[in-house]
Amino acid sequence: MSIMRNHRENQKGNVLVFVAVCLTLFFCFLALSVDIGWIMLTKSELQAAADSAALAGAAQLTDEDILTGTPNQNDDVSLARDYSQTFSSFNTAAKESITLDRNETNETDGGVVVGYIHNPLDLNSPLETTGVSYYNTVQVETRRTPEINGTLKLFLGFFTNLDEVSLRTRSAATLDDRIIGFDMNAGEFLPMLPFTVYKESWDAAYDATYIATSEACPASNGGDKFGYDEATKSVTPHGDGIVEIHLYPNKPDVCKYPDAPGNFGTLDIGYENNSTDDLVRQIQQGCRAEELALSGNMMLEQDVSGVWCKWANGDTGVSSTIRLALENIKGQARILPLHDKVTGTGDTAYFRIVRFVGVRIVDVKMTGALTDRRVTVQPASVVCQNAVFHPDAPHSNLVFALSLTR
């Protein structure tokens, strides 16, 4: 018995050492878990800042100068950097506002990089920054480093021997005008007019290359009588250098249009034989998601000859009762389908839709003598996050899909 008692007495204090070691390990793991959580939270905040800054910047790459026939993205690139910096500063990471490196020299490792991605759907398609004639992508890198925003200070560096870390996140957003259709969510509305215009008439008015060809039809336009004031969001009775075209009347027969059945086309987006009430609602509010779904989301597909197109039912006439609806959206940007072929007449007409463009109604007159009636539009840029693009589709120069691509 005395031998056993002496053995136990020799064990005294072992538990204390064991507890001390366990407590040390416990606090080390606690410190590690706290700091890892802090790092992950800050990194997610940096990523959110990069995403919003990239989207805000890319949205500014629409070239409004193309509407007057003088494409120039220099001011748009500068504006993209402005918006990226502004939207980044709206975000915080570790409770501090995020500053971006403006990167005026457009270095590939800079804070804001503006370039071109040919196929945004392919992650291996590079972001080109040299020798670029057209920009469609803004890449943003948000940082917590010694050079900008400062490193992230950790809470329990005493236990982990790590007092601070540098963090970087990156995001890229692309503005692409190669639109083939739309992908809507329930409850959403697409700002698309339920009308269609002959592609040849549109090109004759706005495409300088097309105008120079011998087959060009005369542009049925109203000259340059109206303008749009961005500050007041309203139409002004002063020209702004942007060519206008008559949406109605538009006589495609003068453009060598084979078997032209009429001078105007409305589309049945959704249910066939849309009523006037349906047209009025779609003009003013946009097309419902379920209506787009019934029309196959207006998705263009390549036919055997490689043309991106979709046949859509419509009507070759127009009712003057839609006048108020058109006047109510004067100055607002809308999407307009273009067609290059039509079959049938009246409400049995089918139009082959081949492209989407953006327009803004600037003048409406649907009363009085037929010769005095008109609906006049200007081209306008429309950015739609529900638009679907494809790298092989033709450029619209006016309707854009905005999305995160990297």
Side-chain angles (χ1 to χ4, degrees), residues 62-71 177 179 191-213 215-228 235-257 260-267 283 314 316-318 320 322-323 325-327 329-342 351-366 370-382 394-399:
T62 56
D63 185 9
E64 299 295 336
D65 296 314
I66 201 171
L67 303 180
T68 57
T70 57
D177 67 338
I179 306 304
M192 175 184 286
L193 291 174
F195 306 138
T196 178
V197 165
Y198 184 44
K199 174 182 173 293
E200 301 289 312
S201 296
W202 179 272
D203 288 344
Y206 300 117
D207 189 331
T209 302
Y210 183 85
I211 292 173
T213 66
E215 293 298 312
C217 65
S220 174
N221 63 70
D224 180 22
K225 302 175 183 177
F226 299 93
Y228 179 72
V235 175
T236 64
H238 308 290
D240 55 7
I242 300 177
V243 174
E244 296 150 10
I245 184 172
H246 288 323
L247 185 67
Y248 167 80
N250 193 292
K251 300 184 181 299
D253 52 303
V254 301
C255 302
K256 298 179 172 37
Y257 193 167
N263 63 11
F264 191 82
T266 60
L267 289 180
I283 291 169
T316 55
V318 60
S320 60
I322 64 172
R323 176 181 61 84
L326 292 169
E327 288 181 345
I329 65 165
K330 189 183 294 184
Q332 300 177 23
R334 290 291 191 270
I335 298 169
L336 176 71
L338 301 183
H339 67 277
D340 68 344
K341 291 183 180 180
V342 64
F351 298 90
R352 190 172 83 157
I353 306 302
V354 292
R355 204 165 87 214
F356 302 100
V357 296
V359 297
R360 177 178 288 117
I361 294 175
V362 294
D363 187 36
V364 178
K365 182 174 174 55
M366 298 290 286
L370 290 176
T371 55
D372 294 333
R373 298 183 187 186
R374 62 187 177 275
V375 178
T376 308
V377 299
Q378 283 184 338
S381 298
V382 180
H395 292 274
S396 76
N397 298 320
L398 292 170
V399 181

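Just so it is clear, the model here is predicted, and its values are computed rather than measured. These values consider heavy atoms only, across backbone and side chains, with no hydrogens, waters or symmetry-generated copies. All residue numbers in this chain count up from 1 along the given sequence.
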Do you know which two heavy atoms are closest between [X] and [Y], and how far apart they sit?
| X | Y | result |
| --- | --- | --- |
| Pro337 | Phe195 | CD-O, 3.1 Å |
| Pro379 | Val243 | CD-O, 3.4 Å |
| Gln378 | Phe226 | NE2-O, 3.0 Å |
| Ala380 | Arg360 | CB-NH1, 3.6 Å |
| Lys330 | Val362 | CD-O, 3.8 Å |

Taking side chain to side chain contact (heavy atoms under 4.5 Å, CB included) as the test, write out the residues that go with Asn397, two or more places apart.
Ile66, Asp177, His395
Applying side chain to side chain contact (heavy atoms under 4.5 Å, CB included) to Val382 and not counting sequence neighbours gives Ala333, Ile335
What distance do [X] atom [atom1] and [Y] atom [atom2] have between them, rounded to the nearest 0.5 Å?
| X | Y | atom1 | atom2 | answer |
| --- | --- | --- | --- | --- |
| Ser396 | Leu338 | OG | CG | 9.5 Å |
| Arg334 | Ile361 | CZ | CD1 | 8.0 Å |
| Thr196 | Leu267 | OG1 | CG | 5.0 Å |
| Thr62 | Leu67 | OG1 | CG | 9.0 Å |
| Gln332 | Leu193 | CD | CG | 10.0 Å |

May I ask you to test the [X]-[Y] pair for a side-chain heavy-atom distance under 4.5 Å?
| X | Y | value |
| --- | --- | --- |
| Arg355 | Val357 | yes |
| Thr266 | Pro194 | no |
| Ile283 | Ile329 | yes |
| Ile245 | Thr376 | no |

Take Asp340 and Lys199 through the test salt bridge (Lys or Arg N to Asp or Glu O under 4.0 Å) and record every step on the way to the result.
CA-CA 5 Å; Asp340 68 344; Lys199 174 182 173 293; over 6 Å; no
Check the orientation of Tyr198 and His339. Use parallel for under 30°, tilted for 30 to 60°, and perpendicular for over 60°.
tilted
Audit row: Val375, Met366, side chain to side chain contact (heavy atoms under 4.5 Å, CB included) steps and yes/no
CA-CA 8 Å; Val375 178; Met366 298 290 286; 3.7 Å; yes
Residues passing the salt bridge (Lys or Arg N to Asp or Glu O under 4.0 Å) test with Glu327, sequence neighbours excluded, are Arg323
So Asp240 and Lys225, salt bridge (Lys or Arg N to Asp or Glu O under 4.0 Å) or not? Walk me through it.
CA-CA 8 Å; Asp240 55 7; Lys225 302 175 183 177; over 6 Å; no
